Amino acid sequence: MEKGGKAYAGKGKTPFKVVASKRGSSSGREKEPVNVSPVEIDSDSDSEGFIEEIDYSKSNGKLSSKGTSGKDGKGFSSGKAGGKGGVYSSSKKPPKRDDLKLQLETPSGARVVMDCEAADILQQIQEQMVILSEDPTIKFPLSFDKAYQYTKEGKQYSDTKSVKDILESLKNCGVNDGEICMIANSGPETVEEVYALIPSLKENRYENEEPIKEALSKLSEVKLPNICGRKN
Amino acid sequence: MFFHIVLERKIQLHPRYFGPHLREKLVSKLMKEVEGTCSGRHGFVVAITGVEDIGKGLIREGTGFVTFPVKYQCVVFRPFKGEILEAVVTMVNKMGFFAEAGPVQIFVSNHLIPDDMEYQAGDMPNYTTSDGSVKIQKDSEVRLKIMGTRVDATEIFCIGTIKDDFLGVISDPGAAS
């Protein structure tokens with residue numbers, strides 16, 4: 001198992017993305033059985049409740065994770081890795097992830113907006129409102145403030161246009177708008193992280209791996225230094 | 001994630017507002033009525049970014065009010081199943097924890113927290129690994145994956161998981177202080 005492959009979990013290398021939960025078993029699940037679903041939640045309709053079918057048949061009520069034992073062991077090393085987020089050493093199987101592919105249902109005519117773009121748009125609106133608003137009854141709703149705060153504190157890039165240009169090129173290898181947006185929003189550092197977070201991209205791995213690697217290295221150039229998270 | 005979208009709404013205006021500032025009045029009424037609302041289809045309408053078209057008004061019988069169809073562009077925020085979000089923990093209890101990502105609330109059940117994190121009660125309830133190296137408490141920032149959503153008239157609730165690779169704590173307020 002190659003530990004260095006990730007350079008992620010720790011050693012203070014990435015103050016921003018120190019993520020805790022990486023288990024010993026793995027990331028690669030390209031050939032998973034499709035019919036096994038430990039967790040099925042129907043969320044694609046507009047107003048349905050949670051419909052969970054969680055298999056608690058394993059002892060102590062823990063989530064079952066059939067068919068997900070690691071195959072390729074991409075360096076999700078067990079043991080400690082220092083930093084804030086230690087790597088979990090665990091022989092327990094992670095939940096099946098391919099069930100959780102991004103299910104983006106964009107209404108017709110909608111354009112996906114990356115968080116960094118949204119930050120610029122909302123900032124502009126806020127500045128305009130301060131200057132132009134003659135009607136004191138117009139106030140920003142709570143959701144505006146929260147969304148604005150969210151985008152502002154999560155801002156990772158120095159230049160939104162560059163991010164857009166860099167990631168736009170991924171469309172040529174079949175990466176869709178939603179996936180591009182997720183890459184931009186989550187700010188991954190390695191291609192393995194991209195595949196772990198957006199499993200749908202693994203299907204065309206042979207086609208998109210190199211372009212994604214290139215895009216990530218370009219993105220790292222426009223990343224803001226010393227991001228310490230949304231609450232800093 | 002955020003979207004930019006064109007929507008349409010019928011705005012009713014009292015005749016006393018008819019005059020040179022009719023458009024401004026319509027826009028401000030539109031903002032009051034629409035911004036901050038939430039629909040299952042589009043999510044939270046965060047802000048109106050522009051008005052594309054205001055159609056011809058139609059007088060409503062008996063009231064004198066006029067209804068104008070208004071097409072407007074807006075930014076909406078809607079979470080999707082499978083989406084990765086970075087959220088701030090707002091409450092921790094033995095059932096799991098609640099976190100917020102923008103206007104959206106997410107609940108992460110203790111079944112979807114890694115097995116080696118245990119609930120610790122106290123003034124500042126938290127989930128901690130046995131060696132204490134990772135802690136989730138109020139104000140911690142976590143990266144999570146949306147597993148499901150439920151939408152009602154005014155809010156969107158999500159359930160999420162941190163029990164997967166590259167998910168979990170990003171920043172721990174306790175560690176920073």
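Quick note on labels: first sequence line is chain A, next is B, and so on, each numbered from 1. The basis for the numbers below is simple: all heavy atoms, side chains too, and nothing from hydrogens, waters or symmetry mates. Just so you know, these numbers come straight off a predicted model, no measurement behind them.
Proximity to chain A is absent for every atom of B/Val76, based on heavy atoms less than 4.5 angstrom apart. Neither the backbone nor the side chain of A/Leu142 comes within less than 4.5 Å of any heavy atom of chain B. At a 4.5 Å heavy-atom cutoff, the contact between B/Glu100 and chain A is made by side-chain atoms alone.
Environment of CE in B/Met95: sparse, with no more than 12 heavy atoms of neighbouring residues, nucleotides or ligands closer than 6.0 Å.
When side chains are defined from C-beta on, B/Met1 does not count as touching A/Val113, because their heavy atoms never get closer than 4.5 Å. A/Val112 has its side chain out of reach of B/Phe2: every pair of non-hydrogen atoms, C-beta onward, lies at least 4.5 Å apart.
Ring geometry, B/Phe77 versus A/Tyr150: the interplanar angle exceeds 60°, so the pair is classed perpendicular (tilted spans 30 to 60°).
Ranked by non-hydrogen atom pairs under 4.5 Å with chain A, the options B/Gly43, B/Gly102, B/Ala47 are led by B/Gly102.
Note that CZ of B/Arg143 is 4.5 Å distant from CD of A/Glu193, once rounded to the nearest 0.5 Å. Here CD1 of A/Ile125 is found 8.0 Å from CE of B/Met31. Values are rounded to the nearest 0.5 Å. For the atom pair SG of A/Cys181 and CD1 of B/Ile84, the computed distance is 12.0 Å after rounding to the nearest 0.5 Å. Distance check, rounded to the nearest 0.5 Å: NE2 of B/His4 to CD of A/Glu117 gives 9.5 Å.
Between B/Val45 and A/Ser143, the closest heavy-atom pair is O-OG, 3.9 Å.
Judged purely by atom type and a 3.5 angstrom limit, A/Arg111 has no side-chain atom pairing as donor or acceptor with the backbone of B/Phe3.
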> side chain to side chain contact (heavy atoms under 4.5 Å, CB included) between B/Asp165 and A/Leu197: does it pass, once the steps are laid out?
Replying inline: CA-CA 8 Å; B/Asp165 299 330; A/Leu197 297 176; over 6 Å; no
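At a heavy-atom separation below 4.5 angstrom, chain A is approached by B/Ile48, B/Thr49 within residues 48-61 of chain B.
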